[in-house]
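What you see is a predicted model, and the numbers here were worked out from it, not measured in a lab. Below, chains carry the letters A, B, ... as their sequence lines are ordered, and counting in each starts from 1.
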Amino acid sequence: MRCSSCGLPDHDLLAIGDGEPAARRQGEVTPPPRDCPVCRRRLFEFRRTANVLRIGTPPRDDPAGRAAIRARLERVAARERVVWWRRPAATVAALPLVVLLLLATVDRLDLPLPGECPECSAQQTDDEVTRHGGVSQPSRLSGGTRIVAWSFPIGLKQWSPTAAGDGRQGSTRLLGERIGATDRDPETRWRSTTGSRSTRPPLRVLPPGYPVPGCASQSPRPVLVGGGHVPCR
Amino acid sequence: MTQAGNVVETRGGVVAVPTLDAASEVACFATLADRHHAALLRFLRRQTGDTELAADLAQETFLAAFRCRHQLRDETAFMAWLLGIARNQLRMEWRRRRMRKLISLEWLPPGVEACLPGMRRSDATRACHERDGIQRALDAISPTLREALLLHALCGFTGGEVAGILGITPEAARKRIVRAEAEFRRHYTANDEVADDALL
């Protein structure tokens with residue numbers, strides 16, 4: 001808004017009132033507001049509003065609030081002085097490292113895997129696995145895929161169907177392939193490397209040095225796998 | 001320039017803190033907090049319209065300021081820096097409240113309040129709010145305009161300084177102040193002309 005008398009914009013008038021240089025446009029001369037009664041009136045209104053706000057909002061002393069701030073400042077400062085490893089952020093950052101170290105240590109112990117029977121690990125079937133508290137096979141598999149199971153050093157198992165699986169990942173072997181359902185036999189079937197058929201994927205525990213049919217490499221360590229009929233060595 | 005303990009105060013009520021050890025730093029900052037607490041509280045009280053919330057926000061502001069005290073570049077503008085932090089705290093609080101409102105019962109229509117007496121604002125609070133014509137006029141203008149007006153009229157910053165706090169150009173800041181002032185005056189005189197006369 002501009003002054004109806006001298007044309008001075010309100011924001012420039014405010015700048016003059018604050019004692020700041022007003023933004024002048026080219027060829028524009030800022031008249032002193034004392035010469036213009038309208039501007040003087042407007043300036044008076046600005047000051048009146050400020051007075052209304054200041055008088056209507058007296059500063060209140062709040063000793064309790066100030067004491068609380070002081071106490072909290074001391075707490076914050078004390079926390080800043082805490083050694084790095086006692087800070088939550090540092091602990092969280094160090095946690096993965098600790099877990100990795102732990103995993104490496106456990107792996108070296110060569111503990112039996114969950115569900116692995118120390119006596120008959122190479123001969124377990126699904127039922128035996130279940131009886132020994134082992135992990136079960138995946139209940140659903142997508143068509144046309146092969147199963148690959150990973151065995152983690154501390155015995156966690158994760159089953160995962162994968163299209164690119166060649167049966168040689170991890171230390172678990174898929175000893176056969178999925179042949180799919182037919183009209184005569186609607187159940188999904190698997191054919192093991194020996195030619196026997198089963199409704200379950202022929203995954204096996206392979207003891208160290210177990211020769212895997214069709215695979216040049218050898219199993220690095222015994223791993224529990226359930227299901228299927230696989231010839232024992 | 002005056003010196004109070006470890007705090008050096010310059011012309012504009014502004015403080016320069018020399019390099020100190022941790023304990024002295026806390027003492028120093030607490031002195032600063034003591035000095036600026038009332039002014040900050042006054043600004044926050046008018047900006048929020050809630051004394052309790054203003055006190056909480058003032059606390060949070062001082063703590064946040066202490067945590068990032070090393071970022072204070074211009075020691076002569078401590079209050080402006082503090083108000084910048086207070087604005088951020090306020091914005092976060094509003095955001096929190098908006099989120100809380102989404103999952104609270106506040107969206108229920110006004111008639112439902114009758115069935116839920118616990119939801120109603122207490123009579124004392126309501127009466128106090130009704131009395132405060134200034135707060136009602138401030139509540140009627142947008143928060144963006146309100147903060148510009150409060151920084152200028154209540155905290156005593158010039159248009160240029162307000163621009164620095166709000167992060168906008170001086171001209172834009174002055175335009176905001178002018179608009180806010182006009183709107184405030186309109187609402188204030190419409191709401192409570194008696195109070196206006198009494199104050200003047």
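- Proximity to chain B (any heavy atom under 4.5 Å) is shown, for A:Arg47, by neither the backbone nor the side chain.
- Contacts of B:Leu154 with chain A are made by both backbone and side-chain atoms, with heavy-atom separations under 4.5 Å.
- In this structure, the separation between CG on A:Leu73 and SG on B:Cys28 is 11.5 Å, given to the nearest 0.5 Å.
- The most heavy-atom pairs under 4.5 Å with chain B, out of A:Pro58, A:Gly19, A:Ala64, come from A:Pro58.
- Across all their heavy atoms, A:Asp18 and B:Gly159 have their closest contact at OD2-N, 2.9 Å.
- Between B:Leu63 and A:Ile69, the closest side-chain pair of non-hydrogen atoms is not below 4.5 Å.
- One N or O on the side chain of A:Glu20 and one on the backbone of B:Gly160 form a donor-acceptor pair closer than 3.5 Å.
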Pair A:Phe46-B:Ile177, side-chain contact (heavy atoms from CB on, under 4.5 Å): steps then yes or no = CA-CA 10 Å; A:Phe46 285 144; B:Ile177 295 164; 5.9 Å; no

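- Judged by distance alone, with hydrogens and angles left aside, the side-chain atoms of A:Arg60 form no donor-acceptor pair with the main-chain N or O of B:Ala38 at under 3.5 Å.
- We find the CZ-CD distance between B:Phe66 and A:Glu74 to be 9.5 Å, quoted to the nearest 0.5 Å.
- Judged purely by atom type and a 3.5 angstrom limit, A:Asp10 has no side-chain atom pairing as donor or acceptor with the backbone of B:Val178.
- Residue B:His152 comes nearest to A:Arg54 through the heavy atom pair O-NH2, 4.0 Å, listed as atom of the first residue, atom of the second, then distance.
- Looking at heavy atoms from C-beta onward, A:Leu14 lies out of side-chain contact with B:Thr158 at the 4.5 angstrom threshold.
- Residues B:Glu181 and A:Arg42 are paired through a salt bridge, judged by an N-O separation under 4.0 Å between the basic side chain and the carboxylate.
- Counting only heavy atoms from C-beta outward, the side chains of B:Arg179 and A:His11 never approach each other to under 4.5 Å.
- If you measure heavy-atom distances from A:Asp61 to chain B, you find no contacts under 4.5 Å at all.
- Heavy-atom distances place both the backbone and the side chain of B:Phe62 under 4.5 Å from chain A.
- Surrounding CZ of B:Arg69 are more than 12 heavy atoms belonging to other residues, nucleotides or ligands, all under 6.0 Å away.
- Counting all heavy atoms, side chain and backbone alike, B:Ala55 lies closest to A:Asp62 at CB-OD2, 4.4 Å.
- Here the side chains of A:Thr49 and B:Tyr188 are not in contact, with every heavy-atom distance at 4.5 Å or above.
- Screening B:Arg45, B:Arg42, B:Arg46 for a side-chain hydrogen bond (donor to acceptor under 3.5 Å, both in side chains) involving A:Thr57 leaves a single residue, B:Arg46.
- Atom NE2 of B:His37 and atom CZ of A:Arg66 lie 7.5 Å apart (nearest 0.5 Å).
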